[in-house]
Undergrad: 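One structure, as structure tokens, below. Some questions next.
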Amino acid sequence: MKFLKNSWYCAGWTNDVQDRPVHRKILGEDLVLFRNSKGTLIALGDRCPHRFAPLHQGRVHGDCIECPYHGLQFDDSGACVVNPHGTGAIPAANKTSAFQVEERHGVIWIWMGAPSKADPSAILDTSHIADTENYVTRTLSHPVKSNYWLVVDNLMDQTHAQFLHPETVFGKAAAERWAVHMDAKQQRDKAFSDDDENDQEVWFEENEESLITHYKMRGKPTPPLWKPIFNSELCNLYSRTIWRVPANCDLTIEFSARDDGFDQEVATMIGHHLITPIDDHNCTYHLALSWNAKIDDNEVTDAVMEIVRQTVIDEDGDMFEKCQAYMGDNTDLFSLRPILLETDRMAIQARRQMQKLIEAEEKAAG
Ligand code: FES
């Protein structure tokens, strides 16, 4: 499978890289991440050019990383700058690759393409993570043994939730047929209005910058995910999932308890689901989840994150791996001639858009 290289991928969280080098594999490339003497994050190819030892098993020396095998040292450009042997001469070709990295609000972003093409202004806005007055945020990272598109499929079609997550994020009492609309004329405000005839509805929105799936449930049983925060019986819920290149999905949920009528507080939960390919058959599911109700209650926070952990790891993660196992080594969904449903629309569009971007990138590279 070909990957889009000129793009920002999540490489984990700021706290993941402290005083020891850390290994990552992204788009099939083995990388080492470390901090120099000033705390600046550096990302280099992990393979030492001498005898191909893994640099992440070495140690940081000032602003360089020292290879664990014969002690060559490499600076932030990937160039070998110290040879502790003989005359200390350094062959001109003695360097490893270097990658641009940025840290934003606790997220590590890496640009896997040509450093000269990196545009930090294109990094996803996760600024509410830093807004600790109004939001509580927790993160998780989970390695998945499946192609990354199986995860994006899942995020762009949440009608699976009533079947796969009856005890966790969704609950079972709300399970019924979704009304599906193929245009975006539905108004988001309908989610909180008694004038609308549909209680459970999904609709799509497609524009030049993004692909969006909207969901609403009106007067439905409160999903277990929200029970620790609002112990209501019924709720109104609206959610919006926006796909962004390459495989990042922003999932925002607005929730109001329904028991005492409509004039309830609306709480917001924002999930940044950042899916990073490791290689063709593996990816890392990074999630930063923030919400703005009961933010000082640690018991509530722990209870919410336990439900999220079960959902992402035990339920979704397990399903991705089982689907990939039945797909075998194949990562080209269309070649397997899958049945397509109305609710697959945005996931299919996302694949097509990415295919075009990858082809354009290849053409430009000659
Ligand atoms: Fe790295 Fe020899 S393998 S210095």
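All ligand and atom numbering here is 1-based and tracks the order in the structure. In this chain, residues are counted from 1 in sequence order.
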Undergrad: With rounding to the nearest 0.5 angstrom, report the NE2 to CG distance, His50 to Asn94.
TA: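 Going from NE2 on His50 over to CG on Asn94, the span is 8.5 Å.
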Undergrad: In terms of relative ring orientation, are Phe3 and Tyr148 parallel, tilted or perpendicular, with 30° and 60° separating the classes?
TA: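 Rings of Phe3 and Tyr148: tilted, as their planes differ by 30° to 60°.
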Undergrad: Is His50 close enough to atom 1 (Fe) of ligand 1 to have an N, O or S atom under 2.8 Å?
TA: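 For His50, the answer is no, given that no N, O or S atom comes within less than 2.8 Å of atom 1 (Fe) of ligand 1.
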Undergrad: Within 45° of the ring axis of Tyr69 and under 6.0 Å from its six-membered ring centre, is that where the NZ or CZ of Arg51 lies?
TA: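 Because its charged atom misses either the 6.0 Å distance or the 45° angle limit, Arg51 does not stack over Tyr69.
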Undergrad: For atom 3 (S) of ligand 1, what's the nearest protein heavy-atom neighbour? Residue, atom name and distance, please.
TA: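 That would be Arg51 N, 3.2 Å.
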Undergrad: Give the numbers and elements of all ligand 1 atoms closer than 4.0 Å to a heavy atom of Leu72.
TA: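 Every atom of ligand 1 under 4.0 Å from some heavy atom of Leu72: 4 (S).
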Undergrad: Go through ligand 1 atom by atom and flag the ones less than 4.0 Å from a non-hydrogen atom of Cys48.
TA: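 Per the distance check, 1 (Fe), 3 (S), 4 (S).
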Undergrad: Considering only heavy atoms of Ala53, which atoms of ligand 1 have at least one such atom less than 4.0 Å away?
TA: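 Under 4.0 Å from Ala53, ligand 1 has these atoms: 3 (S).
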Undergrad: Applying a strict under-4.5 Å side-chain criterion to I, L, V, M, F, W and Y, I'd like to know whether Val169 and Met156 cluster together.
TA: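 Yes, because Val169 and Met156 connect within a single hydrophobic cluster, where side-chain heavy atoms sit under 4.5 Å apart.
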Undergrad: Please determine, by modelled atom types, if Thr14 and Glu103 share a side-chain donor-acceptor pair under 3.5 angstrom.
TA: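 Yes, because at least one side-chain N or O of Thr14 sits under 3.5 Å from a partner of the opposite role on Glu103.
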Undergrad: If we check ring-ring contact (aromatic ring centres under 6.0 Å, His included) with Trp111, which of these qualifies: Phe99, Trp8, Tyr9?
TA: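 Testing Trp111 for a ring-ring contact (aromatic ring centres under 6.0 Å, His included) against Phe99, Trp8, Tyr9 leaves exactly one candidate, Trp8.
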Undergrad: With carbon and hydrogen excluded and only N/O/S kept, which atom of His70 is nearest atom 2 (Fe) of ligand 1?
TA: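 In His70, the N, O or S atom with the shortest distance to atom 2 (Fe) of ligand 1 is ND1.
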Undergrad: Looking at atom 1 (Fe) of ligand 1, is one of the N, O or S atoms of Cys67 less than 2.8 Å from it?
TA: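 Checking atom 1 (Fe) of ligand 1 against Cys67, an N, O or S atom does fall under 2.8 Å.
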